[in-house]
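Taking it in order: structure first as structure tokens, then the write-up.
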Amino acid sequence: MADTEPDPGAITPQNPGVFRYVVGFLLVGAAWGMTSPFIRRAAVDYTPPKRTVLEDPTTGRVKKLVLKVLYAVFDLLKRPSYAIPLLINLTGSIWFFLLIGQAELSLTVPIINSLAFLFTVLGEYLAEGKTVSRDTWIGMAMVCGGIALCVQSKL
């Protein structure tokens, strides 16, 4: 029997293929970019409820500060409008760390961060109804061109 060399383009667990990388990049970019405007909107809309311990003059400054932060975090996390986008965003971070272990770092980081910017623009449109200006469209086209140049330089 003759030893055969494995095909370098074959899809294996060590080489998942370009399609899976592209899907991974898009998922992480969307998880980071699309959720940021929704997290921001939920945080801006947050009005803290009155807490008697925070208004008590006998409570120390440090204790008030610590309690105020803890109450704010707890109150935001129990609101689905904040917690769900935050969970998706954090899941994107896990996907990112899995991707940088497999894909080339010099491509992964700029591509995902650029995609996050593009998805943030889309998320702002969906979350806040912001219109996309002509200059933003031009900038987005330049970002896509930069991604293409990065990928082309590695081929």
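Since we're looking at a predicted model, the values are computed, not measured.
Shortest non-hydrogen contact noted between Met34 and Pro37 is O-CD, 3.5 Å. Of all the heavy atoms in Ala31 and Trp95, the pair that sits closest is CB-CZ3, 4.0 Å. The two residues Thr108 and Ala103 have their closest heavy-atom pair at OG1-CB, 3.1 Å. In this structure, Gly123 and Phe38 approach most closely via the heavy-atom pair O-CE1, 4.2 Å. Of all heavy-atom pairs between Cys144 and Leu118, the closest is SG-CD1, 3.8 Å.
Side-chain contact annotation: Asp56 with Thr58, donor-acceptor N/O pair under 3.5 Å present.
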Exercise. Taking it one step at a time, do Arg40 and Glu124 satisfy salt bridge (Lys or Arg N to Asp or Glu O under 4.0 Å)?
Worked result: CA-CA 10 Å; Arg40 180 186 173 281; Glu124 284 181 335; over 6 Å; no
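Cation-pi geometry between Arg51 and Tyr71 is met: under 6.0 angstrom from the ring centre, within 45 degrees of the axis.
The backbone N or O of Ala42 lies less than 3.5 Å from a partner atom in the side chain of Arg79, making a donor-acceptor pair. Using a distance-only test at 3.5 Å, with no hydrogens or angles considered, a donor-acceptor pair links the side chain of Tyr21 to the main chain of Gln102. Counting only distance, with no hydrogens or angles, the side chain of Thr136 and the backbone of Val132 share no donor-acceptor pair below 3.5 Å. A distance-only check finds no donor-acceptor pair linking the side chain of Thr59 to the backbone of Lys64 [under 3.5 Å].
Counting heavy atoms of neighbouring residues, nucleotides and ligands inside a 6.0 Å radius, atom OH of Tyr125 does not exceed 12 of them.
Separating the CG atom in Leu86 from the OG atom in Ser81 is a distance of 11.5 Å, to the nearest 0.5 Å. With rounding to the nearest 0.5 Å, the separation of CG in Leu115 from OG1 in Thr120 is 10.5 Å. For the atom pair NZ of Lys50 and CD of Glu55, the computed distance is 5.0 Å after rounding to the nearest 0.5 Å. Rounded to the nearest 0.5 angstrom, Phe119 CZ and Thr35 OG1 are separated by 11.5 Å. Distance check, rounded to the nearest 0.5 Å: CD1 of Ile111 to CG of Leu99 gives 10.5 Å. Within the model, atoms CZ of Phe25 and CD1 of Ile112 stand 5.5 Å from one another, a figure rounded to the nearest 0.5 Å.
In this structure, Ile39 is not a member of the same hydrophobic cluster as Leu126, with clusters built from ILVMFWY side-chain heavy atoms closer than 4.5 Å. Residues Phe97 and Val109 are members of one and the same hydrophobic cluster, defined by side-chain heavy-atom contacts under 4.5 angstrom among Ile, Leu, Val, Met, Phe, Trp and Tyr. Residues Leu122 and Val22 share a hydrophobic cluster, clusters being chains of Ile/Leu/Val/Met/Phe/Trp/Tyr side chains in contact below 4.5 Å. In the hydrophobic clustering of this structure, Ile88 does not group with Val121; members are Ile, Leu, Val, Met, Phe, Trp, Tyr whose side-chain heavy atoms approach within less than 4.5 Å, directly or through other members. Tracing side-chain contacts under 4.5 Å through hydrophobic residues (I, L, V, M, F, W, Y), one reaches Val143 starting from Trp137; they form part of the same cluster.
Partners of Phe96 according to the ring pair (Phe, Tyr, Trp, His ring centres under 6.0 Å) rule, which considers only residues two or more places apart in sequence or in another chain, are Trp32. Ile94 meets the side chain to side chain contact (heavy atoms under 4.5 Å, CB included) test with Leu98; sequence neighbours excluded.
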